[in-house]
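Notes follow the structure.
Quick note: residue numbers are just sequence positions, from 1. We use all heavy atoms of the structure for the numbers below, so side chains are in, but hydrogens, waters and symmetry mates are not. Keep in mind it's a predicted model, so treat the numbers as computed, not measured. Order of appearance sets the numbers: ligands from 1, and atoms from 1 within every ligand.
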Amino acid sequence: VQVTNEVQASTGNDAGTVRVGLLGCGNVGGALVEILDREGDTIARHLGVRLVITRVAVRSISNARVEAVGAGRLTRDAHGVVVDPDVDVVVELIGGIEPARELIAAALRAGKPVVTGNKELLAIYGGELFALAEQSGQALLFEAAVAGAIPLIRALAVSLAGEPIMRVMGIVNGTTNFILSQMSEERITYTEALGEAQRLGFAERDPSADVEGFDASAKAAILASLAFNADVVAGDVYREGIDKIELSDIDFARRLGYEVKLLAVAERVSDPTACETEIAVRVHPAMLPAEHPLAGVRGPFNAVFIEGAHAGELMLYGRGAGGVPTASAVLGDLIEVASSLTSGASPRPIHRDSVAIRPIDELLTQYYVTLDVADRPGVLAAVATAFGAHSVSIRSMEQVGLGDEARLVFITHVAKEADLQATLAELGRLDAVRRIGGLLRVIGVER
Ligand SMILES: NC(=O)c1ccc[n+]([C@@H]2O[C@H](COP(=O)([O-])OP(=O)(O)OC[C@H]3O[C@@H](n4cnc5c(N)ncnc54)[C@H](OP(=O)(O)O)[C@@H]3O)[C@@H](O)[C@H]2O)c1
C-alpha cells in the first residue's frame, strides 16, 4: 500500500508515519490495536497518514496477549513508553486517576500530544491537564470520554465553537438507560432490570458508579466545560442516581405521557451576552415528555440534545460504550493529532473561563412527588397545607389505595427546588406521612 509521501511527519520518522504509544490494552485499547492492525493500510491510503502502534503498556503480559499484540511491542513499563523517542503520540486507555494523570502529564511535558478516554480523570484534573497541554503546545484530545462512539466533543469544540450554547441535555450513561428502558418496556422492578443489565454485560458487578450517577456527573462536568468554555469539575455537578426509582413511578409517568430518563443537564442561566456567565449543571432522573427526541432513546444507547442560540436544536445519537465503538472515537482523535503532526498545524485551542455555578436550590421546575400516608380523614388537608406553606402549588393529585395506607401522587406547578425540599422536610415530620417515595423533576414547558 502506497503511503502519500507529500506529508512529512515532524517526527524525524518515515514520511507520513506517526508512531503511537498505547497505555492500556483492555476493552478499548485492545479494540484499537485490532482496528489499526486491520485497517491501518486503508487509513494510510485515504488520509496520507500511517498510524502505527509501536509500544503497548499493560499491567500483565499473558500468552494470549502476546499472541494478540505481539511480544515485541508489549511492556509493563508505561512510563518508558511515554518517554520513548520512538513514540510520537501517547494514547492513555488505562482509566482511573493514577498513574494515568502522571503519565499524561509526563507525555505533555515531553512534547507529545495525548489522546485519552478517561472521563474520571478529566472531570477532576481537566483544568490542570489542559493548562499543561496549552503550555506545552500539545493537543489533549478526549472524544472517547463522553458518549463513546458519538462525535460529540468534536461537534462542540469545533463545529459549534462559535455557537452560544444555551443547553446541553443528554443520556450519557448506557447502563442506567438500559435499566430504565427495561423497567418501562418489560414492566420489571429496578432490581430485576439491574440483574438483567449485569447478565448482559451492560452493568458492572458493583454498579454504583453508574446507578448512583457518578459516571454521568463526570461526563456532565466535561460537557459543561466544553459547552461554556468553563472550568467545571465533577464536584460542581448536582447528582442523583436511579436506584430509588420504582416501577410505579415509571408507570405513572407513562400514563401522563412521559418517559423517565437519567439526564445530564448543563445549561446557561445567564444571558448569552452577559459578561459573567452563570450555568447550572446537574444529573438526575427526570420525567421527559414522550415526544421529546431523547425520550425515544432506548436500551444502552446514548444521545445528547444541544440547544444553540443560532443553530437551534441538534441531537447526536449512538453507542455510548463498548470497546470497539469507543476505539472508533479514539481513532478519530488519533487521526486529528497525526494530521496536525504531519502538517505542523497547531492543536485546537483550549480556553476556559471561570463561571458562576447556580446551586440546585435555585432550580425552577415542576416536580413529581409520591407520599405514602395513613388513609384517614384530615391527612390530605395537612399534606396540602405543608405544600402551601412553602409556596409549592399543586397541579394535580391522584390517590391510590394501599390497604390501610394511601399513596398520594402529586405533580406540582413550577416551583423552586429549595421550597420543594423544605416541603418534603415538613412532610417527613407529619405523623400521617409513612414514607416519601419518588421525586422526579419534570422537563419541559408546564402543560
Ligand atoms: N469500555 C468502555 O466502553 C469505555 C467507554 C468510554 C470510555 N472508556 C474509558 O476508556 C478507558 C479504558 O477503559 P477500558 O474499558 O478499556 O478499561 P480496561 O478494560 O480495564 O483496560 C485497562 C487497561 O489498562 C491496563 N493497565 C492498568 N494499570 C496499568 C498500569 N499501571 N500500567 C500499564 N497498564 C495498565 C490494564 O492492563 P491489564 O489488562 O494487564 O490489567 C488494561 O489493559 C477508561 O478511562 C474508560 O473510562 C471506556
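Residue Ala155 comes nearest to Leu316 through the heavy atom pair CB-CD1, 4.0 Å, listed as atom of the first residue, atom of the second, then distance.
Note that CG of Asn118 and CZ of Arg101 are 12.0 Å apart. Values are rounded to the nearest 0.5 Å. If you take CZ on Arg187 and CZ on Arg254, they are separated by 9.0 Å, rounding to the nearest 0.5 Å. Within the model, atoms CD of Glu313 and CD of Glu307 stand 5.5 Å from one another, a figure rounded to the nearest 0.5 Å. Taken to the nearest 0.5 Å, the CG atom of Asp231 stands 10.0 Å off from the CZ atom of Phe130.
Looking at Leu263 and Ile171, their side chains come closer than 4.5 Å, going by heavy atoms from C-beta outward. Under the 4.5 Å side-chain criterion, counting only non-hydrogen atoms from C-beta, Leu103 is not in contact with Glu92.
The protein non-hydrogen atom at the shortest distance from atom 9 (C) of ligand 1 is Gly117 O, 3.2 Å. For atom 38 (P) of ligand 1, the closest non-hydrogen atom on the protein side is Arg65 NH1, 3.5 Å. Remark: minimum distance from atom 15 (O) of ligand 1 to any protein heavy atom is reached at Asn27 ND2, 3.2 Å. Atom 31 (N) of ligand 1 has as its closest protein heavy atom Pro99 CG, 3.5 Å. Looking from atom 44 (C) of ligand 1 to the surrounding protein, the closest heavy atom is Gly95 CA, 3.6 Å. The protein non-hydrogen atom at the shortest distance from atom 5 (C) of ligand 1 is Thr326 OG1, 3.2 Å. Closest protein heavy atom to atom 37 (O) of ligand 1: Arg59 N, 3.2 Å. For atom 12 (C) of ligand 1, the nearest non-hydrogen atom of the protein is Leu93 O, 3.4 Å.
Checked against a 3.5 angstrom limit, the closest N/O atoms of Ala144 and ligand 1 fall outside it. Between Val28 and ligand 1, an N or O atom pair is found at a separation short of 3.5 Å. Polar contact check, Ala145 against ligand 1: no nitrogen or oxygen pair lies under 3.5 Å apart. At under 3.5 Å, a nitrogen or oxygen of Cys25, whether backbone or side chain, sits near a nitrogen or oxygen of ligand 1. Considering backbone and side-chain N/O of Ser60, one or more are found under 3.5 Å from N/O of ligand 1.
Taking the salt bridge (Lys or Arg N to Asp or Glu O under 4.0 Å) definition, one finds that Lys119 meets it with Asp215, sequence neighbours left out.
Less than 4.0 angstrom separates some heavy atom of Gly322 from each of these atoms of ligand 1: 2 (C), 3 (O). Short contacts between ligand 1 and Ala321, defined as distances under 4.0 Å to a heavy atom of the residue, involve ligand atoms 3 (O).
Using a 4.0 Å cut-off between a side-chain N of Lys or Arg and a carboxylate O of Asp or Glu, Arg435 and Glu246 qualify as a salt bridge. Salt bridge Arg282/Glu240: absent, no basic N to carboxylate O contact under 4.0 Å.
Residue-ligand proximity: Leu23 is placed with every non-hydrogen atom at 4.0 Å or more from ligand 1.
For the residue pair Asp77/Thr75, the side-chain donor-acceptor check at 3.5 Å is not satisfied. Judged purely by distance below 3.5 Å, without hydrogens or angles, the side chains of Ser270 and Glu278 never pair a donor atom with an acceptor atom.
When distances from atom 20 (O) of ligand 1 to the protein are checked, no heavy atom turns up under 4.0 Å. For atom 3 (O) of ligand 1, a protein non-hydrogen atom is found at a distance below 4.0 Å.
Looking at Lys119 against ligand 1, only its side chain comes within 4.0 Å, counting heavy atoms.
Counting heavy atoms only, Ile94 comes closest to atom 27 (C) of ligand 1 of the residues Val91, Asp215, Ile94, Leu122.
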